[in-house]
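These notes concern the structure reproduced below.
Residue numbers run from 1 in the order of the sequence given.
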Amino acid sequence: EYLVYYQPYCELSTNKVTGAEALIRWENADLGPISPGKFISTLEETGMIIDVGEWVLRTACRQIKAWNRINRNLSVAVNISLIQFRHRNFIAMVSEAIEDMGIDPRNLTLELTENICIQDMDLTISLLKKLKQVGVSISVDDFGTGYSSLNYIKKLPVDTLKIDMSFIRDVTKDPDAASIITAITAMARSLNLKTIAEGVETEEQRNILRLLRCDMGQGFYISPAV
C-alpha cells in the first residue's frame, strides 16, 4: 500500500529542474490516504523503519535509473531517520542498492535533519565520511531550526543545506527572516555548499530568494509531490 512520490526542486536562476525529494505515501483501501506524520513515528518505534526505509531507498534508485534511460540526469533525495543512520548495516545497504540498480551514486542524496547531525559528532562524521566514500551526496534538512553554527557545519562532509520552510514563509514580510537566509547562503557559499529553500509557495518568495542568492527552491509554487 506504500507509494513513493517525488517533489521536484529547481535552480532559482534558471527554473531548471535538477532533482526531486522522494516522499513516502500510504494509500489504504478503507482509510484512504494516511499522512506520513501519522505512521512514520510508529515505523520508528517498531523498528520497521529499517525495512520500509530500504524499500524507499531502492525505489528511489530504481527511479533514478528509469530517468537515466530517457536521458534525464536527475538527483533524488531520500530522507534518513536516526534509527536508519545508526543501523549497523546502513552503509552496506546503501552501497548494495546503488550497485544492484547500476546507478551513479552522485545522483543519490541522503537527507539528514540538523538534529541527527549534531548527536555524537564523532560518530556522525565517521559515518558521513564512509557514505561519501560510497559516492552519495549528503544534505542537511530543516537547516536553521536547530543548532546551526559554522562550528559544527564546517566539520561535516555535506554538500547541501536545506533552509527550513519557517524562514521561507516569512521572507516577504519579516526582515529578520530575510537576514537569516542571507546569513545561511553566505555561510554555505564560503564552505562550497549548495542551498535549497523549502516550502516555496509564491512567485514573490521565489524572486526574493533568488535575490538572496539561494541556489535552489522546492515547494508548491514549483510543483507538489507527484
Side-chain angles (χ1 to χ4, degrees), residues 1-12 14-28 32-37 39-40 43-44 48-81 83-85 87 89-113 116 128 130-142 158-162 165 194-200 215-226:
E1 297 179 357
Y2 288 138
L3 301 167
V4 176
Y5 278 45
Y6 300 88
Q7 185 172 35
Y9 48 83
C10 72
E11 291 179 348
L12 292 176
T14 64
N15 286 337
K16 178 185 177 183
V17 173
T18 55
E21 180 179 359
L23 299 165
I24 190 170
R25 296 288 184 264
W26 182 9
E27 296 280 349
N28 181 272
I34 301 166
S35 166
F39 67 86
I40 293 293
L43 291 177
E44 291 179 334
M48 292 177 68
I49 192 69
I50 301 300
D51 290 335
V52 174
E54 181 175 3
W55 175 80
V56 171
L57 183 74
R58 284 183 168 270
T59 301
C61 289
R62 192 175 295 113
Q63 184 62 63
I64 291 170
K65 187 171 185 178
W67 278 329
N68 282 343
R69 285 201 193 103
I70 57 171
N71 296 318
R72 290 306 304 268
N73 188 35
L74 295 175
S75 173
V76 174
V78 178
N79 292 285
I80 304 299
S81 75
I83 295 171
Q84 290 172 278
F85 185 57
H87 191 269
N89 293 329
F90 178 65
I91 293 169
M93 183 266 289
V94 171
S95 182
E96 287 169 10
I98 291 168
E99 190 173 332
D100 290 349
M101 298 300 166
I103 64 167
D104 185 337
R106 291 174 296 181
N107 284 338
L108 177 64
T109 299
L110 303 183
E111 283 194 8
L112 304 165
T113 65
I116 291 175
L128 290 180
K130 290 176 182 177
L131 287 168
K132 294 297 290 181
Q133 288 172 359
V134 173
V136 300
S137 296
I138 306 293
S139 178
V140 179
D141 201 7
D142 301 336
V158 301
D159 304 281
T160 307
L161 303 180
K162 295 192 78 172
M165 64 179 63
K194 294 291 186 180
T195 49
I196 301 179
E198 297 184 281
V200 181
D215 297 305
M216 290 170 279
Q218 177 181 342
F220 282 96
Y221 175 74
I222 293 148
S223 174
V226 293

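- Residues Ser75 and Thr109 approach most closely at OG-OG1, 3.2 Å, considering heavy atoms.
- Contact detail for Ser137 and Asp159: the closest heavy-atom pair is CA-OD2, 3.3 Å.
- Closest of all the heavy-atom pairs between Ile222 and Pro8 is CG2-O, 4.2 Å.
- Of the possible polar contacts, none joining the Glu198 side chain to the Gln218 backbone as a donor-acceptor pair under 3.5 Å is found.
- Of all the heavy atoms in Val136 and Ile138, the pair that sits closest is CG2-CD1, 4.1 Å.
- At least one side-chain heavy atom of Glu27 sits under 4.5 Å from a side-chain heavy atom of Pro33.
- The shortest side-chain heavy-atom distance between Asn107 and Asn68 falls under the 4.5 Å cut-off.
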**OP:** Decide yes or no on side chain to side chain contact (heavy atoms under 4.5 Å, CB included) for Ile34 and Glu1, but give the supporting numbers first.
**Re:** CA-CA 10 Å; Ile34 301 166; Glu1 297 179 357; over 6 Å; no
**OP:** Please step through side chain to side chain contact (heavy atoms under 4.5 Å, CB included) for the pair Thr18 and Leu74, ending with a clear verdict.
**Re:** CA-CA 6 Å; Thr18 55; Leu74 295 175; 5.5 Å; no
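- Here Cys61 contributes atom SG and Asp104 contributes atom CG; the two are 11.0 Å apart, rounded to the nearest 0.5 Å.
- Here the straight-line distance linking atom CD of Gln7 with atom OG of Ser223 works out to 6.5 Å at 0.5 Å rounding.
- Looking at every heavy atom in both residues, Leu23 comes nearest to Ala225 through CD1-CB, 3.9 Å.
- Put simply, the side chain of Lys162 does not reach to within 4.5 Å of the side chain of Met216, judged on heavy atoms.
- The shortest distance between side-chain heavy atoms of Met93 and Ile50 does not fall below 4.5 Å.
- With hydrogens and angles left out, the side-chain atoms of Thr195 and Asp215 include a donor and acceptor closer than 3.5 Å.
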**OP:** Please lay out, stage by stage, how Val200 and Tyr9 fare under the test side chain to side chain contact (heavy atoms under 4.5 Å, CB included).
**Re:** CA-CA 10 Å; Val200 181; Tyr9 48 83; over 6 Å; no
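- Around the CD atom of Glu99, the shell of radius 6.0 Å holds no more than 12 heavy atoms that belong to other residues, nucleotides or ligands.
- With values rounded to the nearest 0.5 angstrom, Glu44 atom CD is found 5.5 Å from Ile49 atom CD1.
- With values rounded to the nearest 0.5 angstrom, Asp141 atom CG is found 12.0 Å from Leu110 atom CG.
- Considering every non-hydrogen atom in both Ala60 and Tyr6, the closest pair reads CA-OH, 3.7 Å.
- The local environment of CZ in Arg106 is sparse, with at most 12 non-hydrogen atoms from other residues, nucleotides or ligands closer than 6.0 Å.
- No donor-acceptor pair under 3.5 Å is formed between the side chain of Asn79 and the backbone N or O of Glu111.
- Distance check, rounded to the nearest 0.5 Å: OG of Ser95 to CG of Asn89 gives 12.0 Å.
- The local environment of NZ in Lys130 is sparse, with at most 12 non-hydrogen atoms from other residues, nucleotides or ligands closer than 6.0 Å.
- We find the CG-CZ distance between Leu57 and Arg62 to be 10.5 Å, quoted to the nearest 0.5 Å.
- Side chains of Thr59 and Tyr2 form no contact here, defined as non-hydrogen atoms less than 4.5 Å apart.
- Side-chain contact between Leu128 and Phe85 is present, with heavy atoms from C-beta onward closer than 4.5 Å.
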